[in-house]
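Before I ask anything, let me first share the structure, which is written out below as structure tokens.
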Amino acid sequence: MGSGGGALGLSSPLFANGHLSSSSNSTSLPLPVEDGNHLAMVKPSSSIVNLPHYKWRLLIAYDGTRYAGWQFQVSPPTIQCIVEKALIQITKLERECLHFVGASRTDTGVHAWGQVAHFITPFNYDSLETIHAALNGLLPSDIRVREISAATPEFHARFSAKSKVYHYKIYNDTIMDPFQRHYVYHSVYKLNTAAMREAAKMFIGKHDFSAFVNASRNDRVPDPVKTIFRFDVIEMGPLIQLEVEGSGFLYRQVRNMVALLIQIGKEAIPTEIVPKILATLDRRELAKYALSAPPHGLCLVSVKYNQEHLLLPSDCPTTSFGRHHTITKCKLPFY
């Protein structure tokens, strides 16, 4: 354990000859921290003022079935809350010192394969494999840290993101595959995928998505103008996978777009309804035709960044992808 105290696998950049080391990462300025749905600027606690700080990027996968989404709350538990507790136990830092932020605030019951988050420590690590193993050792089996790497001070998991990719899966057959029931929505109606594909293309481009956002407890007024880069409808036997990539998404926007496409796939409404609803900027208009699709079919697959945001700082430990266990000597006797 290094002189930073309380963390696994530390090097000792904080102190040299009994004094605080100078570092371009040192700070006494306010740092951003999420407070509910807000990003507030707060002063670091007195214990880390003027100390160097190091930023770490996590790639996280989770089964959202048991959780009330990503955003921090203690009860019912959320993904952010569970991961933060593990980080606090490992680093011995207070929550306000970690500044733990996720790229996407997934909703209750929504899954992720490629959630990205970052946190800050006032100490460096010699190796990230130890903290990686410790994190996954503390986390429940339905939450896994896939990768951990160093990040530049400029990197921000949410604000540096240039696009996000979501998949929504529909099982389109008379009998549901029981092994996919927690991750795929079951439609017993035979869906017209050609009509769905045509309608999905109408979402592509820059639009005001006010008609596709649900009211939330967030008292901010988010920018309703988003850009959809692609919206694909892919058939894989009875499985229909809707893949959407956009600059960002409003609260339940993806599930509302999917719900409308399902109604179009049922041939209950024509494809031309998409631009008409978009033009109204009124959520009540969408409610005449479709309710939000269930959350369990939705998964955050990846968050994309410009390459400069993914550069590793100098003199940082190598990225950890986990480590395999090996047996160096056979312990079983030969017969």
Side-chain angles (χ1 to χ4, degrees), residues 64-65 106-111 163-216 224-301:
T65 304
T106 54
D107 200 10
T108 299
V110 174
H111 314 293
S163 72
K164 299 171 185 176
V165 179
Y166 282 90
H167 289 182
Y168 194 95
K169 294 183 179 181
I170 303 167
Y171 198 81
N172 192 205
D173 205 349
T174 54
I175 307 298
M176 178 61 183
D177 179 349
F179 295 103
Q180 300 192 58
R181 69 191 188 280
H182 293 308
Y183 314 104
V184 181
Y185 168 67
H186 183 210
S187 173
V188 295
Y189 294 91
K190 184 62 178 177
L191 298 178
N192 182 340
T193 52
M196 294 172 70
R197 198 171 287 115
E198 182 184 346
K201 290 179 181 178
M202 298 178 185
F203 286 113
I204 296 174
K206 191 174 184 179
H207 303 286
D208 185 322
F209 284 95
S210 294
F212 287 85
V213 59
N214 279 28
S216 73
V225 177
K226 305 294 178 185
T227 301
I228 302 298
F229 301 116
R230 65 181 181 94
F231 204 150
D232 301 322
V233 179
I234 300 170
E235 292 181 83
M236 297 174 283
L239 190 68
I240 300 172
Q241 184 163 281
L242 308 183
E243 302 182 0
V244 58
E245 179 177 356
S247 59
F249 297 96
L250 302 168
Y251 181 55
R252 294 197 181 176
Q253 178 188 335
V254 176
R255 288 165 56 193
N256 286 332
M257 293 190 298
V258 167
L260 189 64
L261 292 181
I262 290 173
Q263 291 300 103
I264 291 170
K266 292 177 183 178
E267 300 181 342
I269 50 179
T271 57
E272 295 78 17
I273 200 69
V274 173
K276 291 179 181 178
I277 293 176
L278 278 169
T280 67
L281 309 180
D282 188 348
R283 177 65 179 83
R284 292 170 295 181
E285 189 65 23
L286 175 64
K288 296 176 183 178
Y289 304 98
L291 301 175
S292 293
H296 67 281
L298 186 62
C299 181
L300 172 63
V301 173

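For this chain, numbers begin at 1 and follow the sequence in order. Because the structure is a prediction, the values reported are computed rather than measured. What you see below is based on every heavy atom in this structure, not just the backbone, and it leaves out hydrogens, waters and symmetry mates.
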remark   = Rounded to the nearest 0.5 Å, the CG atom of Leu261 sits from the CD1 atom of Ile273 at a distance of 12.5 Å
query = Minimum heavy-atom separation for Gly246 to Phe249, with atom names?
reply =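 For Gly246 versus Phe249, the nearest heavy atoms are N-CZ, 3.4 Å.
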ask   = For the atom pair OH (Tyr168) and CD (Gln241), what is the distance rounded to the nearest 0.5 Å?
value =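 Here the interatomic distance stands at 12.5 Å.
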message = Let me confirm one number: the CG-CZ distance from Leu242 to Arg197, rounded to the nearest 0.5 Å.
response =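 The CZ atom of Arg197 is 10.0 Å from CG of Leu242, to the nearest 0.5 Å.
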request  = Could you tell me whether the side chain of Pro295 reaches within less than 4.5 Å of the side chain of Thr108, counting heavy atoms only?
outcome  =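 Contact flag for Thr108/Pro295 side chains = no.
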request  = List the atom of Ile277, the atom of Thr280, and the distance in Å for their closest heavy-atom pair.
outcome  =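 Heavy atoms of Ile277 and Thr280 come nearest at O-OG1, 2.7 Å.
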inquiry  = Does any part of the side chain of Gln263, heavy atoms only, come nearer than 4.5 Å to the side chain of Tyr289, both counted from C-beta?
reply    =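 A side-chain contact is absent here, since even the closest heavy-atom pair is not under 4.5 Å.
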key: Residues, nucleotides or ligands: over 12 heavy atoms within 6.0 Å of Lys226 NZ   = yes
Thr65 side chain near His296 side chain, heavy-atom distance below 4.5 Å = no
ask   = Would Ile228 and Val244 satisfy side chain to side chain contact (heavy atoms under 4.5 Å, CB included), going step by step from the backbone distance to the final call?
value = CA-CA 7 Å; Ile228 302 298; Val244 58; 4.0 Å; yes
task = For His186 and Asp173, indicate whether the former's side chain and the latter's backbone hold a donor-acceptor pair under 3.5 Å.
result = yes
message = Less than 4.0 angstrom from a charged side-chain N to a carboxylate O is my criterion; do Glu285 and Lys288 meet it?
response = yes
Nearest-0.5 Å distance, CD1 of residue Ile204 to CD of residue Glu245 = 10.5 Å
message = Tell me the closest heavy-atom pair linking Pro275 and Met202, and the distance in Å.
response =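 Smallest interatomic distance, heavy atoms only, reads CD-SD, 3.5 Å.
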query = Less than 4.5 Å apart, any side-chain heavy atom of Val274 and any of Ile264?
reply = yes
request  = Look up atom NE2 in His167 and atom CD in Glu243, then write down how far apart they are to the nearest 0.5 Å.
outcome  =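 The NE2 atom of His167 sits 3.5 Å away from the CD atom of Glu243.
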message = Test side chain to side chain contact (heavy atoms under 4.5 Å, CB included) on Asp177 and Val184; report intermediate values, then the result.
response = CA-CA 9 Å; Asp177 179 349; Val184 181; over 6 Å; no
ask   = Under the 3.5 angstrom rule, does the side chain of Ser292 hit a backbone N or O of Arg255 as a donor-acceptor pair?
value = no
query = Do Tyr185 and Leu298 come close enough that some side-chain heavy atom pair is under 4.5 Å?
reply = no
request  = Decide if atom CG of Leu291 counts as having more than 12 heavy atoms of other residues, nucleotides or ligands within a radius under 6.0 Å.
outcome  =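 No, the 6.0 Å shell around CG holds no more than 12 heavy atoms from other groups.
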task = Taking the side chain as every heavy atom from C-beta outward, state whether Arg230 and Val165 have any atom pair closer than 4.5 Å.
result = yes
message = Could you check whether any side-chain heavy atom of Asn256 comes within less than 4.5 Å of a side-chain heavy atom of Val213, counting everything from C-beta outward?
response =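 Asn256 does not reach Val213 side chain to side chain.
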Side chain proximity check, Val254 to Lys164, heavy atoms < 4.5 angstrom =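 Of all side-chain heavy-atom pairs linking Lys164 with Val254, none is under 4.5 Å.
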task = Report, as yes or no, whether the 6.0 Å neighbourhood of atom CZ on Phe229 holds more than 12 heavy atoms from other residues, nucleotides or ligands.
result = yes
query = Is it the case that more than 12 heavy atoms not belonging to Lys266 sit under 6.0 Å from its NZ atom?
reply =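 It does: Lys266 NZ has more than 12 such atoms within range.
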Value rounded to 0.5 Å, distance of CZ in Phe203 from CG in Leu260 =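 If I round to the nearest 0.5 Å, the distance is 5.0 Å.
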query = Between Phe212 and Leu250, is a side chain to side chain contact (heavy atoms under 4.5 Å, CB included) present by the stated rule, with each step listed?
reply = CA-CA 8 Å; Phe212 287 85; Leu250 302 168; over 6 Å; no
inquiry  = Run Leu239 and Gln180 through side chain to side chain contact (heavy atoms under 4.5 Å, CB included) and show every step you take.
reply    = CA-CA 10 Å; Leu239 190 68; Gln180 300 192 58; 4.0 Å; yes
request  = Without swapping roles, check the side chain of Asp282 against the backbone of Arg284 for a donor-acceptor pair under 3.5 Å.
outcome  =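 Yes.
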